[in-house]
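The structure appears right after this line, and notes come after that.
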Amino acid sequence: VIASSTALEPSASARARAALLLEQRLGPSKVATDPDVCASYARDESEAVGRVPDAVVTCRTGDDVVATLAVARETGVPVTPRAAGTGRTGGAAPVIGGIVLAFGGMSGIKDIDRREQIAVVEPGVVLADLHRAVEAEGLFYPPDPNSLESCAIGGNVAENAGGPRAVAYGVTRDYVLGLEAFLVGGAQIFCGRRTRKGVTGYDVTGLLVGSEGTLAVFGDITLRLVPKPDSVGTLLLTFATARAAAEAVTAVIEQGLPMRCCELLDEATLDALRAAGHPVRSDAGALLIVEVDGDEALCERRVEHVGGGFDEAGALEVLVARAGRQRDELWSARREMSRAVRRMAKNKLAEDVVVPRTVLSELLDHVRRDQEEHGVRSMAYGHAGDGNLHVNYLWDADDERPRVEAAIERLFRRVVELGGTLSGEHGIGVLKAPYLSLEQPAPLVTLQQDLKRTFDPAGLLNPGKIFTGASHRAC
Ligand code: LAC
Ligand code: ZN
């Protein structure tokens with residue numbers, strides 16, 4: 001999947017001048033122009049392949065960011081910000097080359113304020129490092145995209161990442177109080193606040209979170225923390241079918257039983273787990289991995305109530321795994337699922353659609369029927385408590401691709417029909433841009449493009465994302 005863009009391409013001489021100016025102003029230690037080095041910045045962890053950038057800047061300070069944006073302005077060469085490059089939709093792929101602004105060198109945790117329950121961090125901090133640091137202080141940063149050992153907070157903020165714990169705790173946006181933001185025009189702003197509440201002016205912070213690197217480049221990120229729960233209980237629930245599992249999730253949530261994670265794995269996913277040596281019952285057509293938390297006594301009660309709720313709702317088996325190998329193995333299998341699936345076929349396109357959770361069973365039916373009718377191989381798993389399903393389409397032969405794309409379009413149409421949305425956590429990026437209009441009417445798209453022009457009139461910041469008409473369909 002080669003990404004492309006209708007954005008204006010800078011000339012070869014502009015690119016060369018940009019690289020030269022960057023080297024002069026930032027020093028060669030922060031600027032790479034070697035094609036082999038640059039090649040590793042052409043893509044993220046999705047199928048979207050950008051163009052090898054002309055220069056990669058490893059920024060170490062806010063001044064480096066300001067200097068890089070100035071070079072972009074002066075030369076007309078675009079900048080693509082990149083945190084850890086683990087994105088799933090091509091957000092960090094430089095679609096017309098230019099400058100990649102990499103944040104691996106800005107990974108400091110500047111402050112953890114225990115009394116205010118706030119952290120201030122740089123964009124390159126790896127999420128698991130942040131988790132460990134705040135948990136050592138008795139605090140908790142809930143968002144936990146499954147790539148947490150490798151993804152970085154800057155990318156999480158850019159994509160408004162979610163993860164299994166979103167069902168109880170919400171997504172990245174719910175924790176970003178304030179942002180230092182570098183605008184491509186040269187201004188440096190702090191939007192948001194360090195207080196728990198605050199409604200002054202428009203919610204610019206909320207707009208920048210999830211803007212996929214297209215509106216501003218982030219500096220320090222101010223995050224809200226919560227107290228760390230003392231105990232966690234895990235339940236593994238087996239169901240005959242994915243539909244039965246999804247209906248049980250709705251029933252249990254309807255009863256007001258709180259879960260902090262509620263992950264569903266469909267039959268094709270269970271087959272893959274069995275093939276990888278995980279002990280999954282042969283009559284299981286779906287599995288739920290559920291977590292509850294609280295202080296010890298509360299957690300015990302929640303395990304009992306939630307377990308009982310699922311039992312009543314038709315689970316074939318309810319296993320409680322407070323600790324131990326099976327729990328850890330299943331969670332690590334779940335967390336590695338996206339990468340493991342990638343190795344199962346030559347090609348993979350992974351979606352992260354969301355529907356109201358009461359109709360998740362309808363969506364699962366669609367996925368199963370579509371597979372039967374059209375023979376396109378897919379595996380579905382995801383955050384059932386949020387109605388957020390990862391449908392992974394797999395294929396080997398290149399000529400199968402049109403059939404996969406047709407299946408994706410049918411999926412998106414069904415999702416929209418069910419009152420859902422195309423992306424719950426991975427963003428639109430390059431890969432979903434051609435489908436934006438299936439969900440959003442023209443005036444809304446135009447309004448967003450107007451906002452983009454206000455922030456970035458020359459289209460220098462991460463061009464080719466969200467709104468582009470050209471993408472994997474065209475190439
Ligand atoms: C997951 C990521 C890919 O849930 O969103 O596995
Ligand atoms: Zn996910």
Side-chain angles (χ1 to χ4, degrees), residues 1-26 31-44 46-57 59 65 67-82 85 87 89-102 158 182-186 211-217 427-437 445-446 448-475:
V1 180
I2 313 277
S4 63
S5 165
T6 48
L8 207 59
E9 301 221 4
S11 65
S13 66
R15 292 168 190 272
R17 190 161 155 257
L20 189 69
L21 287 175
L22 289 169
E23 275 171 347
Q24 281 171 0
R25 293 181 193 174
L26 291 149
V31 182
T33 52
D34 180 290
D36 285 342
V37 175
C38 291
S40 55
Y41 291 84
R43 63 186 298 179
D44 57 10
S46 72
E47 304 301 313
V49 182
R51 193 185 289 177
V52 174
D54 304 285
V56 176
V57 175
C59 54
V65 175
T68 303
L69 294 177
V71 170
R73 243 179 1 257
E74 290 166 36
T75 58
V77 172
V79 174
T80 299
R82 179 185 182 99
T89 54
V95 299
I96 52 172
I99 305 161
V100 166
L101 181 53
F182 299 95
L183 304 185
V184 76
S211 62
E212 306 195 26
T214 64
L215 298 182
V217 179
I428 296 298
V430 171
L431 294 176
K432 275 170 270 187
Y435 304 103
L436 188 66
S437 64
V445 173
T446 305
Q448 293 172 91
Q449 287 173 314
D450 289 345
L451 281 167
K452 164 71 175 167
R453 265 189 292 277
T454 300
F455 279 86
D456 178 18
L460 294 172
L461 205 51
N462 207 5
K465 308 298 159 70
I466 308 176
F467 305 113
T468 179
S471 156
H472 67 291
R473 280 161 69 84
C475 57

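Excluded from the calculations below are hydrogen atoms, water molecules and symmetry mates; all remaining heavy atoms, backbone and side chain alike, are included. Just so it is clear, the structure is predicted and the values come from calculations on it, not from any experiment.
The closest side-chain heavy-atom distance from P81 to N462 is below 4.5 Å. Proximity of T214 to L461: side-chain heavy atoms (C-beta onward) are nowhere separated by under 4.5 Å. Using a 4.5 Å heavy-atom threshold, the side chains of R82 and L101 count as separate. In this structure, I428 and T89 have side chains that are not in contact, with every pair of non-hydrogen atoms separated by 4.5 Å or more. In this structure, C38 and V56 have side chains that are in contact, with non-hydrogen atoms separated by less than 4.5 Å.
The minimum heavy-atom distance linking P463 with V79 is given by the pair CD-O, 4.4 Å. Counting all heavy atoms, side chain and backbone alike, I96 lies closest to P10 at CD1-CD, 4.1 Å. A93 approaches A48 most closely through the heavy-atom pair CB-O, 4.2 Å. Nearest approach of Y41 to A102, heavy atoms of both residues: CE2-CB, 4.0 Å. In plain terms, the two heavy atoms of V71 and T75 that are nearest each other are O-OG1, 2.7 Å. Between T80 and G91, the closest heavy-atom pair is CG2-O, 4.1 Å.
Test V100, V217, V57 against T68 for side chain to side chain contact (heavy atoms under 4.5 Å, CB included) and you get one pass: V57. When the options L451, D450, D456 are evaluated for a side chain to side chain contact (heavy atoms under 4.5 Å, CB included) with R453, the one that passes is D450.
With sequence neighbours left out, V445 forms a side-chain contact (heavy atoms from CB on, under 4.5 Å) with L436, Q440, Q449, F467. The side-chain contact (heavy atoms from CB on, under 4.5 Å) test applied to A16 returns no partner, not counting sequence neighbours.
Judged by distance alone, the side chain of R73 and the main-chain N or O of V184 form a donor-acceptor pair under 3.5 Å. Listed for the K465 side chain is no donor-acceptor partner under 3.5 Å among the backbone atoms of V95. Looking at D54, its side chain does come within 3.5 Å of a backbone N or O of G98 through a donor-acceptor pair. One N or O on the side chain of E212 and one on the backbone of G429 form a donor-acceptor pair closer than 3.5 Å. Looking at R17, its side chain never comes within 3.5 Å of a backbone N or O of L20 through a donor-acceptor pair.
We find the CG-CD1 distance between L215 and I466 to be 7.0 Å, quoted to the nearest 0.5 Å. In this structure, CG on L21 lies 9.0 Å from CD1 on I99, to the nearest 0.5 angstrom.
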